[in-house]
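Here's the structure, in structure tokens; my notes come after.
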Amino acid sequence: MTFTLATWNINSVRLRAPLVCKLLSEEGPDVLCLQECKSPVDKIPTEEFAALGYTHMIARGQKGYNGVAILSKLPIEDIGAHDFAGLGHARHIAGRLENGVTIHNFYVPAGGDVADRAVNDKFGQKLDYLTDMRDWAKDGGLSKSILVGDLNIAPREDDVWSHKQLLKVVSHTPIEVAHLSDAMEAGDWHDVTRADIPEGQLYSWWSYRAKDWDAADKGRRLDHVWATGDIAASAHSSRVLRAARGWQQPSDHAPVFATFDL
DNA sequence: ATGGTTGAGGTTCAA
């Protein structure tokens with residue numbers, strides 16, 4: 001069975017419901033994982049998605065901030081959400097498909113502006129969140145699992161427009177990269193996107209603040225698709241739908257796709 | 001601890 005999944009930080013699912021519908025109808029992934037829905041679950045426009053065949057949704061939400069959802073053509077069972085680092089935020093949801101594959105959808109804290117937990121609580125919370133992800137993965141004995149989401153870290157030198165200029169910028173600091181790497185190793189997670197696209201600059205986010213995001217191309221790869229070894233061992237392919245960053249009233253993130261031969 | 005822009009939900013915070 002071929003299975004296609006996409007992950008997209010939508011930055012308000014209500015404002016951008018038309019863009020979600022555009023993606024679903026033009027690309028037709030089996031599953032779409034959304035982050036930063038910024039909406040209570042009961043205010044997500046599920047009927048619009050159901051009309052396109054996405055009749056299943058599991059989600060966690062809160063008013064104004066955070067929020068994660070999984071839209072699916074296939075039945076998906078809600079298997080719960082973890083409150084990593086005890087923040088009380090809607091940043092994780094997990095679901096299981098009927099073929100036994102588990103999907104974890106994450107929205108890791110952005111971490112504020114200053115990369116020093118002594119003066120910036122948000123940076124400390126981000127590191128704690130990642131440490132908690134590491135311990136959870138280590139204790140979980142994870143298998144047949146896919147982890148996606150806005151992890152708010154661009155780990156590789158070629159995941160950012162300038163490694164040197166971003167070394168002290170939150171999202172690309174060595175301490176964040178080390179924490180992400182620890183979480184990855186603890187869960188036997190494999191970076192599916194970079195296994196499929198090993199060479200060259202690759203981004204999934206471009207700031208709203210650039211005058212011309214496309215021309216400047218000062219992007220970062222903040223959005224990820226990981227899989228446990230059993231799934232990563234089967235055939236897969238990946239792409240970033242960069243064009244979506246140029247759609248009308250866009251999210252600042254582009255969707256990342258992965259297709260698996262399960 | 002700049003400036004630039006965006007969204008939600010209220011006159012600011014988070015990203």
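Classification of A:Arg60 and A:Asp78 as a salt-bridged pair holds, one side-chain N sitting under 4.0 Å from a carboxylate O.
Remark: A:Glu157 pairs with no residue by the salt bridge (Lys or Arg N to Asp or Glu O under 4.0 Å) rule, at least two apart or across chains. By the ring-ring contact (aromatic ring centres under 6.0 Å, His included) test, A:His104 pairs with A:His92, A:Trp136, sequence neighbours left out. Applying the side-chain contact (heavy atoms from CB on, under 4.5 Å) rule to A:Asp196 yields the partners A:Val192, A:His236, A:Ser238; only residues at least two apart in sequence or on another chain are considered. Annotation: side-chain hydrogen bond (donor to acceptor under 3.5 Å, both in side chains) contacts of A:Asp182 (sequence neighbours excluded): none. Residues satisfying the side-chain contact (heavy atoms from CB on, under 4.5 Å) test with A:Ser234, not counting sequence neighbours, are A:Leu262. In this view, A:Asp214 and A:Arg242 satisfy the salt bridge (Lys or Arg N to Asp or Glu O under 4.0 Å) rule, not counting sequence neighbours. A search for ring-ring contact (aromatic ring centres under 6.0 Å, His included) contacts involving A:Phe257 returns nothing, not counting sequence neighbours.
Against DNA chain B, the stretch residues 10-23 of chain A makes heavy-atom approaches under 4.0 Å through A:Asn11, A:Ser12, A:Arg14, A:Leu15, A:Arg16. Taking every heavy atom of residues 108-133 of chain A and every atom of DNA chain B, pairs under 4.0 Å involve A:Ala110, A:Lys122, by number.
B:dG9 and B:dG4: their P atoms are spaced 26 Å apart (whole Å). Comparing the C1' positions of B:dG10 and B:dT6 gives a spacing of 16 Å, expressed to the nearest Å. Comparing the same atom, P, in B:dT5 and in B:dA1 gives a spacing of 22 Å after rounding to whole Å.
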Could you pull out all donor-acceptor pairs under 3.5 Å where a side-chain atom in residues 42-56 of chain A meets a protein atom, sequence neighbours excluded?
from    : atom 1 : to      : atom 2 : distance (Å)
A:Tyr54 : OH     : A:Pro29 : O      : 2.5
A:His56 : ND1    : A:Leu74 : O      : 3.4

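Under the 6.0 Å distance and 45° angle rule, A:Arg245 counts as a cation-pi partner of A:Trp213.
With side-chain heavy atoms closer than 4.5 Å counting as contact, directly or through intermediates, the hydrophobic cluster containing A:Phe123 also holds A:Leu127, A:Val170, A:Ile175.
Chain A approaches DNA chain B over the interval B:dG4 to B:dA15, counting the first and last nucleotide 5' to 3' with an atom under 4.0 Å from its heavy atoms.
Residue whose closest nucleotide on DNA chain B sits further toward the 5' end, between A:Ser39 and A:Tyr107: A:Ser39. Between A:Ala210 and A:Asn66, the one whose closest nucleotide on DNA chain B sits nearer the 5' end is A:Ala210.
Residue contacts shown for A:Arg245 are absent, as no nucleic acid heavy atom lies under 4.0 Å away.
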